[in-house]
Trainee: 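Dumping the structure here so I can ask a few things about it.
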Amino acid sequence: MPMFEPDETIFADELPLRENWQPDRIQERDEELTQYKAALQPVINEAPPKNLFLYGKTGVGKTVATRYVLYHLQEDAAEYGIDLTVITQPCNSLNSSYQVAVALVNQFRSSDNQLPSTGYPQQDVFNALFDELDKVGGTVLIVLDEIDNIGDDDDLLYELPRAEANGYVDNVWPGVIGISNDFTFRDQLSPKVKSTLCEEEIRFAPYNANELQNILQRRVDLAFHDGVVDGDVVPLAAAFAAQDSGNARQGLRLLHKSGELARGRGDDRVTTAHLQEAKTWLDRDQLEEGMREMTTQVHFVLCAVAQLAVQSETPAKTQHVYETYTALAEELDANVLSERRVRDHLSELSMQGVLNVNERNTGIHGGSYYEYEISVDLAAVLDVLLDIDRLEGAAETLEQQAQRRSLLNS
DNA sequence: ACTCCACAGGAATTGAGGGGTG
DNA sequence: CACCCCTCAATTCCTGTGGAGT
């Protein structure tokens, strides 16, 4: 008997459940698509393109709609003999105008002529970008996905749309399509950028539970064999995804994981029990992933809070956390940061949802202060800390103490 | 109505570490 | 080699703040 054999009792085709799968039609986004097409019409009329700004939470179809519309735009442009180039730049992990400009230049250049990620003055990089654009010529649409990552450093967004007016380029019409997960990003932009970049705005509202159900059902029909998925699985998955701010991607992940669990067990049906389990698994996985990406010092701070939690001393005031942190860092022979910095780390942890923060004010007896406690499964936190080399010993001790006090459920 | 605690968090700056040119 | 650029964690300094107590 072979070690591996095809197992196709559950999935007919897993691809429709994957993130990068491109559907042949877009569901539940008719209004947005109409707006999108209208905004790009100038390209076909051989007029300068408008700058576009799309915003909406993750998993509401911004990227999928963009791929869909631009694919058709390129096809039609080719048919009418219009010189159109589209480049897409994901901006996650690029956190400044400078880095985005470098990445764009490198998209145009061959691999033996790449620009380094640092070293040159900013204006040199911009000029290099304009040179590349000029070489390409025609209409160039630059899609900047997750543009909110660059924060308030919007120099590039100021320069790009004005490149032609300022005479930096003379052979090309650049158009910017900015995609943002963050509703507030638009307001962070300086007024001069806002007026040009946000000429045309398309807002992608979160999907409601009904819309999610339609989208998920269609993918389930494609991905699973008929009758394998219980009738109440999709509505529940849609409800979970709706809670997660209408995030269709999350719904797809849940369904995919449910199917994998069923297949792994050799079950012939996918039930809500599988879905529940998939949710627990995914929640924890995403949480641990988030925690792992933090820096060493944040881990120290988290470890200090975990220690207080094990000693049943949470919620703890910042002051108390800082003392515990200081002792821990000294014991581990690490740099001891200033209290101000630790406050930053604590607020970062609570933004991530790892810590819970209560604002308290006892007036003249203590003024206003924050109290922190761990807002997630303590076992998950210890799991992550155990994997950090420098914290291994401390985390082991904590785990033993926690077990003795039966603070861990799993 | 006013005080005043003790911390929150903004702003400016530093310094080390990535890299560049001539 | 000297000199310059970008990045980011971290420090220093400082102003803002909400409500219990008077």
Side-chain angles (χ1 to χ4, degrees), chain A residues 89 91-106 109 111-132 146-160 184-185 187-190 290-305 308 313-326 328-330 332-352 354-373 375 388 390-391:
Chain A
Q89 180 59 53
C91 300
N92 46 1
S93 80
L94 302 177
N95 45 16
S96 66
S97 279
Y98 187 93
Q99 297 300 343
V100 174
V102 168
L104 284 172
V105 171
N106 285 339
R109 292 195 177 174
S111 55
D112 55 346
N113 190 22
Q114 298 272 293
L115 223 47
S117 63
T118 171
Y120 293 108
Q122 177 162 289
Q123 202 55 50
D124 290 9
V125 178
F126 286 178
N127 289 336
L129 177 57
F130 294 139
D131 285 350
E132 296 297 335
E146 296 187 48
I147 186 65
D148 42 315
N149 267 311
I150 69 163
D152 50 11
D153 168 21
D154 52 16
D155 296 351
L156 180 69
L157 300 180
Y158 178 70
E159 299 272 353
L160 259 183
T184 61
F185 176 67
D187 302 322
Q188 288 169 28
L189 294 171
S190 49
M291 285 197 281
R292 261 178 242 285
E293 280 169 4
M294 297 168 181
T295 61
T296 317
Q297 286 291 352
V298 181
H299 287 139
F300 287 167
V301 173
L302 180 58
C303 190
V305 181
L308 289 168
E313 289 176 34
T314 48
K317 304 176 54 158
T318 310
Q319 186 68 36
H320 198 177
V321 175
Y322 184 63
E323 284 161 14
T324 314
Y325 157 83
T326 310
L328 179 73
E330 272 170 6
L332 294 172
D333 211 18
N335 288 343
V336 178
L337 301 186
S338 64
E339 190 187 332
R340 177 70 187 83
R341 191 71 188 124
V342 170
R343 278 210 301 271
D344 279 344
H345 288 329
L346 282 170
S347 77
E348 188 191 332
L349 283 163
S350 46
M351 290 245 269
Q352 295 272 329
V354 179
L355 296 184
N356 214 355
V357 55
N358 303 314
E359 199 172 353
R360 306 248 294 129
N361 192 324
T362 39
I364 213 154
H365 303 298
S368 61
Y369 56 86
Y370 285 171
E371 277 182 344
Y372 294 94
E373 64 190 332
S375 72
I388 318 276
R390 296 184 72 178
L391 284 171

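Chain A is the first sequence line, chain B the second, and so forth, proteins listed ahead of strands; every chain is numbered from 1.
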Trainee: Please name the residue in the list A:T324, A:V354, A:L346, A:L349 that meets the side chain to side chain contact (heavy atoms under 4.5 Å, CB included) test with A:V305.
Mentor: A:L346

Trainee: Please report the interatomic distance OH(A:Y369) to OG1(A:T318), rounded to the nearest 0.5 Å.
Mentor: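 A:Y369 atom OH to A:T318 atom OG1 measures 10.0 Å (nearest 0.5 Å).
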
Trainee: Do A:Y325 and A:Q297 meet the criterion of a side-chain donor-acceptor pair at a distance under 3.5 Å?
Mentor: yes

Trainee: For residues A:L391 and A:C303, report the shortest heavy-atom separation together with the two atoms involved.
Mentor: CD2-SG, 3.8 Å

Trainee: Hey, which of these two, A:P116 or A:Y372, hits DNA chain B nearer its 5' end, going by closest nucleotide?
Mentor: A:Y372

Trainee: Answer yes or no: does atom CG of A:N113 have more than 12 heavy-atom neighbours from other residues, nucleotides or ligands under 6.0 Å?
Mentor: yes

Trainee: Is A:E359 reaching over with its side chain to a backbone N or O of A:S368, donor-acceptor style, under 3.5 angstrom?
Mentor: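 Answer holds: no.
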
Trainee: Calculate the interatomic distance between A:E348 atom CD and C:dC8 atom P; express it in whole Å.
Mentor: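 Taking atom P of C:dC8 as the reference, CD of A:E348 is at 13 Å.
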
Trainee: For a 4.0 angstrom threshold against heavy atoms of chain A, report the outermost contacting nucleotides of DNA chain B in 5' to 3' order.
Mentor: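 Nucleotide range with atoms under 4.0 Å of chain A: B:dC5 to B:dT21.
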
Trainee: Counting only heavy atoms not in A:N361 (residues, nucleotides, ligands), do more than 12 fall under 6.0 Å from its CG?
Mentor: yes

Trainee: Flag yes if more than 12 heavy atoms outside A:N358 fall under 6.0 Å of its CG atom; otherwise flag no.
Mentor: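 Check passes, neighbour count above 12.
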
Trainee: Using a 3.5 Å distance criterion without hydrogens, assess whether the side chain of A:N356 forms a donor-acceptor pair with backbone atoms of A:E373.
Mentor: no

Trainee: How far apart are the closest heavy atoms of A:L337 and A:Y322, and which atoms are they?
Mentor: O-OH, 2.7 Å

Trainee: I'd like a list of close polar pairs between nucleotides 1-6 of chain C and the protein, N/O only, cut-off under 3.5 Å.
Mentor:
| residue | atom | partner | partner atom | Å |
| --- | --- | --- | --- | --- |
| C:dC6 | OP1 | A:Q122 | N | 2.8 |

Trainee: Can you list, by residue number, the residues of residues 315-323 of chain A that have a non-hydrogen atom closer than 4.0 angstrom to DNA chain C?
Mentor: none

Trainee: Sequence neighbours left out, what passes salt bridge (Lys or Arg N to Asp or Glu O under 4.0 Å) with A:R340? Give chain and number order.
Mentor: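 Counting only residues at least two positions away or on another chain, A:R340 forms a salt bridge (Lys or Arg N to Asp or Glu O under 4.0 Å) with A:D344.
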
Trainee: Within the distance-only criterion (no hydrogens, no angle test), does the side chain of A:S350 pair as donor or acceptor with the backbone N or O of A:V357 below 3.5 angstrom?
Mentor: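 No.
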
Trainee: At what distance, to the nearest 0.5 angstrom, does CG of A:D154 lie from CD of A:E159?
Mentor: 10.5 Å

Trainee: Closer than 3.5 angstrom, by distance alone: can the side chain of A:H345 be matched with the main-chain N or O of A:H299 as a donor-acceptor pair?
Mentor: no

Trainee: Is there a donor-acceptor pair closer than 3.5 Å between any side-chain N or O of A:N106 and the backbone N or O of A:L115?
Mentor: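 A pair under 3.5 Å: yes.
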
Trainee: Let me have a per-nucleotide readout for nucleotides 11-22 of chain C, 5' to 3', with B, S or -, counting only protein heavy atoms under 4.0 Å.
Mentor: BBB---BBSSS-

Trainee: To the nearest 10 degrees, what angle separates the axes at the start and end of the helix from B:dA1-C:dT22 to B:dG22-C:dC1, five pairs each?
Mentor: 20°

